[in-house]
S.K.: 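One structure coming up, written as structure tokens, with questions to follow.
Just so you know, residue 1 is the first one in the sequence shown, and it goes up from there.
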Amino acid sequence: MTTIRPATPADRDALLALLPELAAFPLPAWRTAAQIAGADTRILLDALDRPDPGTLILVGDVGGTITGFIFTTTRADYFTGRPHAHIEVLVVGPAARGQGLARRLIEATERWASDRGYANITLNVFATNERAGGVYRQLGYEPETLHYIKPLDLAATRGEAR
């Protein structure tokens with residue numbers, strides 16, 4: 001049975017080990033798996049090193065093995081200025097997929113956000129990540145804005161040295 005619990009400093013290596021799963025989909029030509037993992041590593045480590053009451057990190061734990069996690073921060077809504085929850089990272093390891101862990105992590109995050117009086121939860125997902133988009137739509141999330149990009153310098157956009 002998977003237990004949903006707050007992350008602890010002892011979970012650090014297990015959380016970092018799951019981050020490469022965030023790039024397990026057809027990436028746009030201008031992004032790399034290393035770039036995605038690097039960006040998420042930076043914000044996750046910052047949250048682990050500097051705990052904040054406006055941040056939530058929950059893990060799915062099966063007998064001491066972390067099978068997935070969700071990392072949520074508090075942001076200000078662009079239109080209203082009111083605080084809302086933003087899912088920064090949601091990752092479920094391959095062995096735990098299809099067992100409802102993503103749903104349970106999101107539902108726990110929704111309770112946390114609701115308890116804080118937040119009216120919304122936002123998240124970003126790559127347009128090419130159909131598996132994640134399907135999960136979010138199934139749980140009632142809908143696209144609001146679309147972020148468009150036109151790389152003028154592909155190597156620079158990919159973070160490659162010049």
S.K.: Does Ile36 share a hydrophobic cluster with Leu19, counting links as ILVMFWY side-chain heavy atoms below 4.5 Å and allowing steps through other members?
M.R.: yes
S.K.: Can you name the closest pair of heavy atoms from Glu130 and Arg137 and give their distance?
M.R.: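 Of all heavy-atom pairs spanning Glu130 and Arg137, the closest is O-NH2, 4.3 Å.
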S.K.: Minimum heavy-atom separation for Gly93 to Leu18, with atom names?
M.R.: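 Minimum heavy-atom separation between Gly93 and Leu18: CA-CD2, 3.9 Å.
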S.K.: Measuring from Thr122:OG1 to Asp77:CG, what's the distance to the nearest 0.5 Å?
M.R.: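 Answer for the OG1-CG pair, Thr122 versus Asp77, is 8.0 Å.
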S.K.: Same cluster or not: are Ile70 and Tyr136 linked, directly or through other Ile, Leu, Val, Met, Phe, Trp or Tyr residues, by side-chain heavy atoms under 4.5 angstrom apart?
M.R.: yes
S.K.: Using the rule side-chain contact (heavy atoms from CB on, under 4.5 Å), only one of Leu58, Leu123, Ile57 pairs with Thr109; which is it?
M.R.: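 The single option meeting the side-chain contact (heavy atoms from CB on, under 4.5 Å) with Thr109 is Leu58.
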S.K.: Please determine whether residues Phe69 and Leu101 belong to a single hydrophobic cluster, defined as Ile, Leu, Val, Met, Phe, Trp and Tyr linked transitively by side-chain heavy-atom distances below 4.5 Å.
M.R.: no
S.K.: Minimum heavy-atom separation for Pro53 to Trp112, with atom names?
M.R.: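 Of all heavy-atom pairs spanning Pro53 and Trp112, the closest is O-CZ2, 3.8 Å.
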S.K.: Give the minimum heavy-atom separation between Gly81 and Ala76, together with the two atoms involved.
M.R.: O-CB, 3.9 Å
S.K.: Which value, rounded to the nearest 0.5 Å, describes the distance between Thr73 atom OG1 and His86 atom NE2?
M.R.: 6.0 Å
S.K.: Does the side chain of His147 reach to within under 4.5 Å of the side chain of Asn124, using non-hydrogen atoms?
M.R.: no
S.K.: Would you mind reporting whether Glu88 and Asp40 have side-chain heavy atoms less than 4.5 Å apart?
M.R.: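 They are not in side-chain contact.
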S.K.: The criterion is salt bridge (Lys or Arg N to Asp or Glu O under 4.0 Å); which residues satisfy it with Asp49, sequence neighbours excluded?
M.R.: Arg12
S.K.: Determine whether more than 12 heavy atoms belonging to other residues, nucleotides or ligands lie under 6.0 Å from atom CD of Glu107.
M.R.: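 Above 12, so yes.
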S.K.: So, taking the atom named CD in Glu144 and the one named CZ in Phe79, what distance separates them when rounded to the nearest 0.5 Å?
M.R.: 5.5 Å
S.K.: Determine whether Leu152 and Ile149 fall in the same hydrophobic cluster, where Ile, Leu, Val, Met, Phe, Trp and Tyr are linked whenever their side-chain heavy atoms lie under 4.5 Å apart.
M.R.: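 Cluster IDs for Leu152 and Ile149 differ.
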S.K.: Can you tell me which residue among Leu48, Val59, Leu16 is in a side-chain contact (heavy atoms from CB on, under 4.5 Å) with Asp11?
M.R.: Val59
S.K.: Rounded to the nearest 0.5 Å, how far does OG1 of Thr72 lie from CD1 of Ile121?
M.R.: 7.0 Å
S.K.: Please check this pair: side chain of Arg116 against backbone of Ala85, looking for a donor-acceptor N/O pair closer than 3.5 Å.
M.R.: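 Checking the backbone N and O of Ala85 against the side chain of Arg116, no donor-acceptor pair under 3.5 Å is found.
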S.K.: Please work out whether the ring planes of Phe25 and Phe126 are parallel, tilted or perpendicular, with thresholds of 30° and 60°.
M.R.: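 If you compare the ring of Phe25 with that of Phe126, the planes turn out tilted.
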S.K.: Side chains of Val92 and Glu21: closer than 4.5 Å at any heavy-atom pair?
M.R.: no
S.K.: Looking only at heavy atoms, what is the nearest atom pair of Gly60 and Ile4, with distance?
M.R.: CA-CD1, 4.2 Å
S.K.: List the steps, then state whether side chain to side chain contact (heavy atoms under 4.5 Å, CB included) holds for Leu44 with Leu15.
M.R.: CA-CA 9 Å; Leu44 178 63; Leu15 300 180; 3.9 Å; yes
S.K.: Are the side chain of Thr128 and the backbone of Pro26 linked by a donor-acceptor contact shorter than 3.5 Å?
M.R.: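 Pair found, side chain donor or acceptor close to backbone of Pro26.
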S.K.: So, taking the atom named CG in Leu45 and the one named CZ in Arg50, what distance separates them when rounded to the nearest 0.5 Å?
M.R.: 10.0 Å
S.K.: Same cluster or not: Leu90 versus Leu27, using hydrophobic residues (I, L, V, M, F, W, Y) connected whenever any side-chain heavy atoms lie under 4.5 Å apart?
M.R.: no
S.K.: Do you know the tightest heavy-atom contact between Gly54 and Thr74?
M.R.: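 In terms of heavy atoms, the two residues are closest at O-OG1, 2.8 Å.
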S.K.: Could you list the residues that satisfy side-chain hydrogen bond (donor to acceptor under 3.5 Å, both in side chains) with Asp61, not counting sequence neighbours?
M.R.: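 Expected list: Arg5.
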S.K.: Say whether, by atom type as modelled, one donor and one acceptor occur between the side chain of His84 and the main chain of Tyr118 under 3.5 angstrom.
M.R.: no
S.K.: Who passes ring-ring contact (aromatic ring centres under 6.0 Å, His included) against Tyr141, sequence neighbours left out?
M.R.: none
S.K.: In this structure, which one of Ile87, Val91, Thr55, Leu56 forms a side-chain contact (heavy atoms from CB on, under 4.5 Å) with Phe71?
M.R.: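 Answer after filtering Ile87, Val91, Thr55, Leu56: Thr55.
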S.K.: Quick check for you: to the nearest 0.5 Å, what is the distance between Glu110 atom CD and Asp115 atom CG?
M.R.: 12.0 Å
S.K.: Output yes when a side-chain donor or acceptor of Gln35 lies under 3.5 Å from a complementary backbone atom of Thr157, and no otherwise.
M.R.: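 Yes; at least one donor-acceptor contact below 3.5 Å.
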